[in-house]
**Q** 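Right, I'll just put the structure down here and ask away after.
Order of the sequence lines sets the chain letters (A, B, ...), proteins ahead of strands, with each chain counted from 1.
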Protein chains: 2
Amino acid sequence: MPYGDAMNARVRSEERRAEIVRAALEVIAERGYRGASLAAVAERVGLTQQGLLHYFPTKEALLVAVLKERDQWDAVPATRWRIDLLASLVEYNAMRPGIIQTFSALLGESVTEGHPARGYFTDRYRQVRESMAAVLRTEYGDRLPNGLTPERTAPLLVAVMDGLQYQWLLDPDAVDMPGAFRDFLALLGEEA
Amino acid sequence: MPYGDAMNARVRSEERRAEIVRAALEVIAERGYRGASLAAVAERVGLTQQGLLHYFPTKEALLVAVLKERDQWDAVPATRWRIDLLASLVEYNAMRPGIIQTFSALLGESVTEGHPARGYFTDRYRQVRESMAAVLRTEYGDRLPNGLTPERTAPLLVAVMDGLQYQWLLDPDAVDMPGAFRDFLALLGEEA
DNA sequence: AACGAAACCTACCGCGTTACAGGTAACGGG
DNA sequence: CCCGTTACCTGTAACGCGGTAGGTTTCGTT
């Protein structure tokens, strides 16, 4: 079983799948998961709905692929984050409304009964809180204002990021997301 | 035009409408607005879908009624809020997951294109930010930590409330929503 | 050149959705 | 007692949805 050109087909298939996932991200941003139709995603990559089902046998399978992509996306810098990089991330996000909108819509839907992304988000947030607590500890040690521990502060940090995103998506001109986030970080920088 | 019993019919009708709105709140909490079918709402109040349309001519009209109810709901204490009442509100919310879930799901959906609740939330958040800024000013004056102004702090306050709600809805056991919110308030209480 | 698999497409099914049309029974006011 | 309004219901139109079945073309391998 030679590899040489057998890979070509595989690579092309993988590229097509990635293309589809990208389109799905867009459509979900515009309509949410429930509102996103396979046909709309398919059209965006020049396929019929049934053609799309050749790559992802069900709508849920496509969603799983979307979520997996997301994991991969920020798994890279997850190794060692620092507070200032976090601020940069928010700034970066402010230039990519699409991605934010996708996952804000998804997060909102996920609190709904029987939503296929619910488990994903539950796990993810638990993980993110832990990760943020670690970041806070390496940055500030246990010397956070008001006797707060990193573990108790982490949910706040995450909440601020998410909450600001919603306000910003609804009214970008009224909310300076990166600025507000820096304000919050400054609040944590204060010595008790 | 005598009022006496003419009111009876009107009252009964109004009660029915309120009943329907209540059912709609539930169904939206469970499935979101897009996922909520008129038939499901109707069934919950013992009507057919067409019977429901007698009270609300379109699905969107029903949503508008739901949002109006919400406005009325917290318009009462909006006259004069204080920080400690805010903490109590969060505590109260923690005992009513249903309502929170309804509006968290709705907020998530609303960032989506052409969602009928988008305008509502945009206006509302602008208003809430103003209101919160006023609360912060009466509580702390302009003496917030780190030279923050009430206007710059308000978005953070709102973001924390919303963000905590999502984390809490996804994993109630892992997140102490009222406690975390108090932590945040304590952060603001620190003198610069 | 032949073959087998991958990459699509057409056709179709069954269901759920909002909304419209029109009918009917109850009920309250004159 | 009549009559108009209110409060529903049945029937149905029109459409979009996810998913299945099965065929056909394309293409790399042998």
**Q** Where along nucleotides 13-24 of chain C does protein come under 4.0 Å, by heavy atom, of base (B) or sugar-phosphate alone (S), with - for untouched nucleotides?
**A** ----SBBB----
**Q** So, does B:H54 get its side chain near the phosphate of D:dA7, meaning an N or O under 4.0 Å from OP1 or OP2?
**A** yes
**Q** Applying ring pair (Phe, Tyr, Trp, His ring centres under 6.0 Å), which residue pairs with at least one partner in residues 93-114 of chain B are found, sequence neighbours left out?
**A** none
**Q** Could you name each residue pair satisfying salt bridge (Lys or Arg N to Asp or Glu O under 4.0 Å) that touches residues 42-58 of chain B, not counting sequence neighbours?
**A** B:E26-B:R44, B:E30-B:R44
**Q** Output every pair passing salt bridge (Lys or Arg N to Asp or Glu O under 4.0 Å) with a member in residues 111-125 of chain A, not counting sequence neighbours, ordered by first then second residue.
**A** A:D71-A:R124, A:D74-A:R124
**Q** Would one find a side-chain N or O of B:Y55 under 4.0 angstrom from OP1 or OP2 of D:dT6?
**A** no
**Q** Within the pair B:T48 and D:dT10, is there a side-chain N or O less than 4.0 Å away from OP1 or OP2?
**A** no
**Q** Once you round it to whole Å, what is the distance between P of D:dG18 and CD of A:E43?
**A** 13 Å
**Q** In whole angstrom, what separates A:R12's CZ from C:dA7's P?
**A** 8 Å
**Q** Could you tell me the separation between the CD atom of B:E15 and the C1' atom of D:dT6, rounded to a whole number of Å?
**A** 16 Å
**Q** How long is the line joining CG of A:L62 and P of D:dG19, in whole Å?
**A** 10 Å
**Q** List the atom pairs, with distances to 0.1 Å, where a side-chain N or O of residues 47-55 of chain B and a protein N or O form a donor-acceptor pair under 3.5 Å, not counting sequence neighbours.
**A**
from: B:T48; atom 1: OG1; to: B:G51; atom 2: N; distance (Å): 3.0

**Q** Compare side-chain N and O positions of B:R16 against OP1 and OP2 of D:dC8 and report whether any pair is under 4.0 Å apart.
**A** yes
**Q** Nearest-Å distance, CZ (B:R17) to P (D:dT6)?
**A** 13 Å
**Q** When the aromatic ring centroids of A:H115 and A:Y33 are compared, is their separation below 6.0 Å?
**A** yes
**Q** Show me the donor-acceptor pairs within less than 3.5 Å that the side chains of residues 168-181 of chain A make with the rest of the protein, sequence neighbours left out.
**A**
from: A:D171; atom 1: OD2; to: B:R126; atom 2: NH2; distance (Å): 3.1
from: A:D176; atom 1: OD1; to: A:G179; atom 2: N; distance (Å): 3.2

